[in-house]
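Presented below is the structure to which this report refers.
The first residue of the sequence shown is numbered 1, and numbering continues consecutively from there. Quantities reported herein were computed from a predicted structural model and do not represent experimental measurements. Atoms considered below: every heavy atom in the structure, side chains included; atoms not considered: hydrogens, waters and symmetry mates.
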Amino acid sequence: MAATWHSGLVATEAVAAQLLGVLWFVSVTTGPWGAAAIAAASSEETIKCEDLKLGQYICKDPKINDATQEPVNCTNYTAHVPCFPAPNITCKDFGGNETHFTGNEVGFLKPVSCRNVNGYSYKVAVALSLFLGWLGADRFYLGYPALGLLKFCTVGFCGIGSLIDFILISMQIVGPSDGSSYIIDYYGTRLTRLSITNETFRKTQLYP
């Protein structure tokens, strides 16, 4: 009976050791380079350089300007961040030249969206609307002097206009008069306006 119990315990320990080994292997291969390294190791073929953008790379986070809370070098609502192909990736460009990557070279620059800001702080606008909205301070700050003066003369339209403006500014529906965006923490909560473009319109589902 003791021998049977001991053999069962040994078998249980062996199974546990195998499970730990599997978990360790999964944790290693699912790191930043894990999937890319597996894909690279499983194929010795040279890929096209433009195919790097389909996978097997990792990109840095954009460098944020403290004053604007937008990516540095934002031009035409677009900034670029460097992307590094996975180690042991070799790509061939249109001229037939091959490049071998070790994981430290920049493979391409990935575009990221950014916004046009012009010094209007979201926090300041909300604070002015909450505490001094009945004097029209929020509208003066955002560049609407006529509405600000009207709110000042009517005590915020008897309080109703102040409440409405506070809701609209808090929801980022009303913004600066020059069409720019609020300065909001880059990783904070932002309002994203959806629109129909060539990239967002709904396409007809095709079935094989």
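Cluster partners of Phe140, by chain and number: Leu149. The rule joins Ile, Leu, Val, Met, Phe, Trp and Tyr whenever side-chain heavy atoms lie under 4.5 Å apart.
Exactly one of Phe84, Phe101, Phe108 qualifies for a ring-ring contact (aromatic ring centres under 6.0 Å, His included) with Tyr57. That residue is Phe108.
The disulfide bond (SG atoms under 2.5 Å apart) analysis of residues 123-155, with sequence neighbours excluded, yields no pairs. Sorted by first then second residue, the side-chain hydrogen bond (donor to acceptor under 3.5 Å, both in side chains) pairs that include residues 155-175, not counting sequence neighbours, are Arg139-Asp165, Lys151-Asp165. Pairs of residues two or more places apart, or lying in two chains, never qualify as side-chain hydrogen bond (donor to acceptor under 3.5 Å, both in side chains) while including a residue from residues 72-85.
Considering only residues two or more places apart in sequence or on other chains, Ile173 meets the side-chain contact (heavy atoms from CB on, under 4.5 Å) condition with Leu168, Met171. In this structure Lys123 satisfies the salt bridge (charged side-chain N to carboxylate O under 4.0 Å, His left out) test together with Asp185, sequence neighbours excluded. Remark: Ser180 engages Asp178 in a side chain to side chain donor-acceptor pair (under 3.5 Å) (not counting sequence neighbours). Residues passing the side-chain contact (heavy atoms from CB on, under 4.5 Å) test with Ser113: none are found, sequence neighbours excluded. Among residues two or more places apart in sequence or in another chain, the side chain to side chain donor-acceptor pair (under 3.5 Å) test is passed with Thr102 by Glu105. Partners of Tyr186 by ring pair (Phe, Tyr, Trp, His ring centres under 6.0 Å), not counting sequence neighbours: none found.
In this structure, CD in Glu70 is found 9.0 Å from CG in Asn65, a value given to the nearest 0.5 Å.
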Pairs under 3.5 angstrom only: tabulate donor-acceptor contacts from the side chains of residues 154-161 to other protein residues two or more places apart or in another chain.
residue	atom	partner	partner atom	Å
Thr154	OG1	Leu150	O	2.7
Thr154	OG1	Phe157	N	3.0

Side-chain donor-acceptor pairs of residues 125-137 under 3.5 Å, sequence neighbours excluded:
residue	atom	partner	partner atom	Å
Ser129	OG	Asp138	OD2	3.2
Ser129	OG	Phe166	N	3.3
Trp134	NE1	Phe131	O	3.2

